Q: 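Sharing a structure with you now.
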Amino acid sequence: MILMSIFSKLSKKTSKKQLEQFCSDARIFIQVHYVREKSKGKYAFNTLKLKSDPDREKCKDWYASHGNPDNFQEIARLYMKEFNISMEYILQEYDLISSCFTIHKNSFHSIEKWEAIAICFGLHLNMEHTKALLETAGYALTNSSETDLIIRFCFENNIYKREDINYILKKLADKTLEEISS
């Protein structure tokens, strides 16, 4: 029994080789997606939207089917209920405090950006749902921030473990999830 529990703990940890591969892939992702902020129309091409995106349509449909909520904490609670994820799991896994889930009338900036991102990771959201949820808290992930691109890379590659995310962030941007600023 004891031997089995040791092996089960070891199997949950991501290997050093896999973490290094994540970092290598994230570097390439950053090189491909990094753009300077648009200024005076020079980078106007960056504002074009894709004609259709099935994930975006599913996200819009999800919000519509839930009455188009616009409060971060309310939406997070809806996701937790729907995905059967406990608040305690997210709080413990991402070292958050329970006030992150306190519902405020004006959700803008009632939560820090890193906390909102951590909650999205805890909910295992895809990129479209993450963008929509972050927007309700007044945040976005840009293509002109390496840390934002690393976060985006993690979402798009289903990397949700805090240790793995922090490893990639530390290696490529010398930051951790908790050090991401607004």
Side-chain angles (χ1 to χ4, degrees), residues 22 26 29-30 33-35 37 46-47 49 53 55-182:
F22 287 159
F29 185 88
I30 291 167
H33 293 91
Y34 184 83
V35 295
E37 288 292 328
N46 292 329
T47 61
K49 294 203 180 229
D53 179 355
D55 286 339
R56 190 173 355 153
E57 295 305 317
K58 286 179 188 174
C59 181
K60 284 180 183 178
D61 292 344
W62 186 90
Y63 274 80
S65 71
H66 289 82
N68 291 316
D70 62 357
N71 180 284
F72 180 90
Q73 288 82 3
E74 179 185 335
I75 297 165
R77 287 176 186 265
L78 287 170
Y79 281 126
M80 285 188 291
K81 184 177 180 182
E82 191 165 308
F83 300 150
N84 198 25
I85 297 172
S86 74
M87 182 187 313
E88 292 74 24
Y89 162 77
I90 295 173
L91 293 174
Q92 183 179 3
E93 188 70 22
Y94 295 92
D95 199 23
L96 298 167
I97 56 175
S98 60
S99 65
C100 292
F101 291 99
T102 303
I103 296 178
H104 304 277
K105 286 201 183 263
N106 180 3
S107 63
F108 282 175
H109 305 291
S110 62
I111 187 170
E112 292 184 36
K113 184 176 181 177
W114 81 267
E115 293 169 322
I117 291 169
I119 290 169
C120 292
F121 277 125
L123 294 169
H124 292 209
L125 298 178
N126 68 21
M127 196 61 229
E128 287 304 320
H129 283 269
T130 296
K131 286 192 288 188
L133 184 55
L134 288 176
E135 185 178 324
T136 65
Y139 300 116
L141 298 175
T142 71
N143 285 351
S144 60
S145 164
E146 282 187 345
T147 55
D148 283 2
L149 284 168
I150 293 167
I151 294 301
R152 186 174 143 203
F153 169 82
C154 291
F155 278 110
E156 291 185 8
N157 289 280
N158 302 316
I159 301 170
Y160 297 109
K161 287 198 274 184
R162 180 178 172 204
E163 308 86 45
D164 297 350
I165 297 160
N166 278 338
Y167 183 90
I168 299 167
L169 281 166
K170 195 69 173 167
K171 179 127 183 168
L172 300 181
D174 198 31
K175 289 186 180 185
T176 61
L177 189 58
E178 298 82 3
E179 296 170 327
I180 293 175
S181 59
S182 302

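Computation of the quantities below employed the complete heavy-atom set of this structure, encompassing side-chain atoms and omitting hydrogens, waters and symmetry-equivalent molecules. In this text the structure is predicted, and so the values were computed from the model without any measurement.
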Q: Between Phe155 and Phe121, how do the two ring planes meet: parallel, tilted or perpendicular, split at 30° and 60°?
A: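 Parallel: the ring planes of Phe155 and Phe121 meet at under 30°.
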Q: Just do the side-chain contact (heavy atoms from CB on, under 4.5 Å) check on Met87 and Met80 with the steps written out, would you?
A: CA-CA 7 Å; Met87 182 187 313; Met80 285 188 291; 4.0 Å; yes
Q: List the atom of Leu133, the atom of Ile75, and the distance in Å for their closest heavy-atom pair.
A: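 Between these two residues, the closest heavy atoms are CD1-CG2, 3.5 Å.
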Q: Determine the interplanar angle of the Tyr79 and Trp62 rings, folded into 0 to 90°, and report it as parallel if under 30°, tilted if 30 to 60°, perpendicular if over 60°.
A: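 The rings of Tyr79 and Trp62 lie parallel, inter-plane angle below 30°.
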Q: When rounded to the nearest 0.5 angstrom, what is the spacing between OG1 in Thr176 and CZ in Arg162?
A: 8.0 Å
Q: Report yes or no: does Tyr160 contribute a side-chain atom to a donor-acceptor pair with the main-chain N or O of Leu125 at less than 3.5 Å?
A: yes
Q: So, are Asp55 and Lys131 salt-bridged, with charged N and O less than 4.0 Å apart?
A: no
Q: With a 3.5 Å distance limit and no angle check, can you tell me whether Ser99 reaches the backbone of Thr102 through a side-chain donor-acceptor pair?
A: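 The answer is no, because no donor-acceptor pair under 3.5 Å joins these two groups.
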Q: How far apart are the closest heavy atoms of Phe72 and Ala137, and which atoms are they?
A: CD1-CB, 3.7 Å
Q: Given 3.5 Å as the limit, does a donor-acceptor pair link the side chain of Asn157 with the main chain of Ile159, or not?
A: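 No; judged by distance alone, with no hydrogens or angles, the pair does not exist.
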Q: Under a 4.5 Å cut-off applied to non-hydrogen side-chain atoms, are Gln73 and Ile111 in contact?
A: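 Of all side-chain heavy-atom pairs linking Ile111 with Gln73, at least one is under 4.5 Å.
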Q: Between Asn166 and Leu177 (side chain of the first, backbone of the second, donor and acceptor by atom type, cut-off under 3.5 Å), is there such a pair?
A: yes
Q: In Å and rounded to the nearest 0.5 Å, what is the CZ to OG distance from Arg152 to Ser145?
A: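 Answer rounded to 0.5 Å: 12.0 Å.
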Q: Output the distance between atom CD1 (Ile168) and atom OG1 (Thr147), rounded to the nearest 0.5 Å.
A: 13.0 Å
Q: Is the backbone N or O of Gly138 less than 3.5 Å from a side-chain atom of Lys113, with the two atoms forming a donor-acceptor pair by type?
A: no
Q: Might you point out which heavy atoms bring Ala76 and Ile119 nearest each other, and give the distance in Å?
A: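 Result for this residue pair: CB-CG2, 4.1 Å.
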Q: Are side-chain heavy atoms of Leu96 and Trp114 found at a separation under 4.5 Å?
A: yes
Q: Could you tell me which non-hydrogen atom of Ala116 sits nearest to which non-hydrogen atom of Tyr139, and how far apart they are?
A: CB-CD1, 4.4 Å
Q: Would you give the length of the straight line joining atom CD of Glu156 to atom NE2 of His33, rounded to the nearest 0.5 angstrom?
A: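 Output value for this atom pair is 6.0 Å.
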Q: Look at atom CD of Glu179 and say whether more than 12 heavy atoms of other residues, nucleotides or ligands are closer to it than 6.0 Å.
A: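 More than 12 within 6.0 Å, yes.
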Q: Show the nearest heavy-atom pair for residues Leu91 and Phe101, with the distance to one decimal.
A: CD2-CE1, 3.7 Å
Q: Could you state the interatomic distance from CD1 (Ile117) to CD1 (Ile151), rounded to the nearest 0.5 Å?
A: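 Answer rounded to 0.5 Å: 5.0 Å.
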Q: State plainly whether the residues Lys170 and Glu163 are in salt-bridge range, i.e. N to O under 4.0 Å.
A: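 Result for this pair is no, no salt bridge flagged.
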Q: Indicate the atoms forming the closest heavy-atom contact of Asp148 with Thr142, along with that distance.
A: OD2-N, 3.0 Å
Q: What is the distance from atom NE2 of His124 to atom OG1 of Thr130, rounded to the nearest 0.5 Å?
A: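 It is 11.0 Å, given to the nearest 0.5 Å.
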Q: Can you tell me if Tyr34 uses its side chain to pair, donor with acceptor, with the backbone of Leu149 under 3.5 Å?
A: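 Not confirmed, Tyr34 side chain does not pair with Leu149 backbone.
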